[in-house]
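The structure under discussion appears below in the form of structure tokens.
Per chain, numbering begins at 1; letters A, B, ... match sequence-line order.
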Protein chains: 2
Amino acid sequence: MIDVAREAGVALRTVSRVVNRDSTVGAELAERVNAAIAALDYRPDERARQLRLGTTGTLGAAVRQLSHVNPVLRAVERAARAADLMVLAASTDDDEQLERQVVESMCRRRFDGIILEPIGTDHGYLVPELAAGLSLVAVDRPVLGLDVDCVISDNEAGIRTAYAHLAAHGHERVVYVGDDERIYTAQQRATAFRDCVAGRGAPAEGTAYTGPIDPARIRAAVQAALDGPTPATAIITGNATISVEVLRCLGPDSAKVAIVGFDDSELATLLRPDLTVIAQDDAAIGGTAIDLLRARIADPSRPIHRVTVPVKLIPRGSGETAPS
Amino acid sequence: MIDVAREAGVALRTVSRVVNRDSTVGAELAERVNAAIAALDYRPDERARQLRLGTTGTLGAAVRQLSHVNPVLRAVERAARAADLMVLAASTDDDEQLERQVVESMCRRRFDGIILEPIGTDHGYLVPELAAGLSLVAVDRPVLGLDVDCVISDNEAGIRTAYAHLAAHGHERVVYVGDDERIYTAQQRATAFRDCVAGRGAPAEGTAYTGPIDPARIRAAVQAALDGPTPATAIITGNATISVEVLRCLGPDSAKVAIVGFDDSELATLLRPDLTVIAQDDAAIGGTAIDLLRARIADPSRPIHRVTVPVKLIPRGSGETAPS
DNA sequence: CGGTTACGGGATAACGTTATCCCATCCGGC
DNA sequence: GCCGGATGGGATAACGTTATCCCGTAACCG
């Protein structure tokens, strides 16, 4: 920077003014400085700038898997871009320890705020960070035990809607195939499903098949549901991956059972019949996540907001067949 | 840090020693310092550290879409983690200008290196960055016109293998449905396909349908290929998205035409028959990308390496049917 | 002609680290 | 009694920015 100032024959101060587009600098002088910058291949060091300024203009996104389809992350990026913030993302890989490493690393880098898809149940490591002024918004799941802004889908309403939809089409015996209930959303959805069944006066036990996403387990669950004395006529799945696995093991029989899948996905319209889904409002989730985060950065002492985003049933055929 | 030193009753220098796990510090003293760190909620500022050290321990990944399935990015993260490097990723959203913004932003942050999936043809903005010492590795496509390390799949061999595979199963009239040829990989694959057709002595024109990923265009291409006087009996697709679109518009007819898709994907085994694909070796691509990047960081003056990674045909049924 | 505004220079202090160059112990061993 | 290797203190200079405080010069306005 000193070299640039010398090259342009101006003061160091003026170079800084030009780089920061200060209005109190004349056009021709700015041009001279820019020429010097180009001539010397000067490129400002953001680290020093951030150190001096205190702020980074950067949001961190710690998500389960960067390289998987994640419409919420996409919406987050879009919203952040509109607010002229850079978002840098890293994967937590569904690993609690890795999540901690990633988040702490972002904290040391003094990111202005972090968007987190929390995993696991113990987020004690966040306490000192939050006390030190970390702005954090949880997405998809809350941070259990901690008062943190969060935005999650209305999982319960989604399951209720799906169940009512199937009931309205005459299905009496519906089963739920879902993810491991140690995962918050999976637990929410499974519980909501059991409540639906119990609400109709039917015994809830044995109707919700939950556990890890393992093809063999899911195949066993589907077979158990369909091969009993009173076989199920409809299935609600717990998320997009489960939907795929269920459809995979149903194969050509998939037309014989009604299916409503949680989470919309590209392949929902690839099948025959197309998959009826409970779709989350990804754009709303991502957008409000950024809104909440910016608001918290602006006013760290504001009250905690927990936003629930409605979901929507999209009928495409697989959920509108009558029981066979 | 000064406060921590005072609290622990040690010198500033010693706090730095403890934070950096310097071996010349006693165990009980380190414990005292750590207690002070905990008591005061001290957390080191990575920006200052990086400023002083010069290095960031961070790799940037500028990819087309963070939130889409990207096995290469996944492999990159894995390999970087093994090397104790943090990788922070951002989307370029298939937008040349956005790519530039993202990359320049990472440069200003002095990331140790950048992994880039380049878009477009004009990467002149990289020249001064490279001159200033940027370590860069291009993935999936080369940076045209610039001498930059890169690692790409053997697109040509992939297409040749697919074509030979179909020919071996008796297919004489094969068409290619691919992406916009302004995209490097799309151009490579389309050209390789035309060469295959010409190599058999058949007229190449009209056998390669390329253009943007637009359902209407793809539908038109498929219909044109199948409805002519000498209808095609086999289709090679240009990438995973195209495969989905082609299968979508073939619908139940998909069993009547042989298909080999470029890129493996989860849904390849969801269909009947399962999709035969040309699979890229994502782990190898990601791994060598990190290797190349680390080597370049270590020795910026080393010669440029351009690595081609072999692809593999995975027969699953859709590509092994005889012409009808 | 005095006063205000616009534009820019100059010097220096931060921001929070680490590194360097010493010095001061203490302790065991020859 | 002296040497040498651990272990730690103290002071200070960086790293590359921006901000502050003040001083110039012009030009412009009434």
Categorize A/I2 for me: base, sugar-phosphate, or nothing, with a 4.0 angstrom heavy-atom threshold over every strand shown.
nothing

B/E99 vs B/Y125, side chain to side chain donor-acceptor pair (under 3.5 Å): CA-CA, chis, key distance, verdict
CA-CA 11 Å; B/E99 172 195 311; B/Y125 75 92; 2.7 Å; yes

Rounding to an integer number of Å, can you tell me how far B/N20 CG sits from C/dG16 P?
17 Å

Please work out if B/L53 contacts a base, only the sugar-phosphate, or nothing of the nucleic acid, heavy-atom cut-off 4.0 Å.
sugar-phosphate

Find which nucleotide of DNA chain D each of B/R17 and A/Y42 is nearest to by heavy atoms, and output the residue with the more 5' nucleotide.
B/R17

For the residue pair A/L66 and B/R74, establish whether any side-chain heavy-atom pair is separated by less than 4.5 Å.
no

Applying a 4.0 Å non-hydrogen cut-off, can you work out what B/R108 is touching in the nucleic acid: base, sugar-phosphate, or nothing?
nothing

Between B/R47 and B/R13, which is nearer to the 5' end of DNA chain C once each is assigned its nearest nucleotide?
B/R47

Under 4.0 Å, counting only non-hydrogen atoms across every strand here, what does A/V19 touch: a base, just sugar-phosphate, or nothing?
nothing

State whether A/S16 places a side-chain N or O below 4.0 Å from either non-bridging phosphate oxygen (OP1 or OP2) of D/dT18.
yes

Nucleotide D/dT18, atom P - distance to CZ of A/R21 in whole Å
12 Å

Passing candidate, side chain to side chain donor-acceptor pair (under 3.5 Å) with B/R64, options B/D95, B/D140, B/D94
B/D140

If you assign B/A48 and B/A30 each to the DNA chain D nucleotide with the nearest heavy atom, which residue ends up on the more 5' nucleotide?
B/A30

Looking for any heavy atom pair under 4.0 Å, which part of the strands does B/A11 touch: base, sugar-phosphate only, or nothing?
sugar-phosphate

Whole-Å distance between C/dG8 C1' and A/R32 CZ?
11 Å

Euclidean distance, atom CE of residue B/M1 to atom C1' of C/dC15 [Å, nearest integer]:
14 Å

Taking any heavy-atom pair under 4.0 Å as a contact, classify B/R110: base, sugar-phosphate, or nothing.
nothing

Rounded to the nearest angstrom, tell me the gap between atom CG in B/L12 and atom P in D/dG10.
11 Å

From CZ of A/R52 over to P of D/dT18, roughly how many Å is that when rounded to an integer?
9 Å

Using whole Å, what does the distance between atom C1' of nucleotide C/dT17 and atom CG of B/L51 come to?
8 Å

Checking B/R296, B/R306, B/H305 against B/D149 for side chain to side chain donor-acceptor pair (under 3.5 Å), the one that qualifies is B/R296

Pairing donors with acceptors under 3.5 angstrom, does anything connect the side chains of B/D22 and B/T24?
yes

Measure the distance from CD on B/E28 to P on D/dT7 and round it to the nearest whole Å.
10 Å

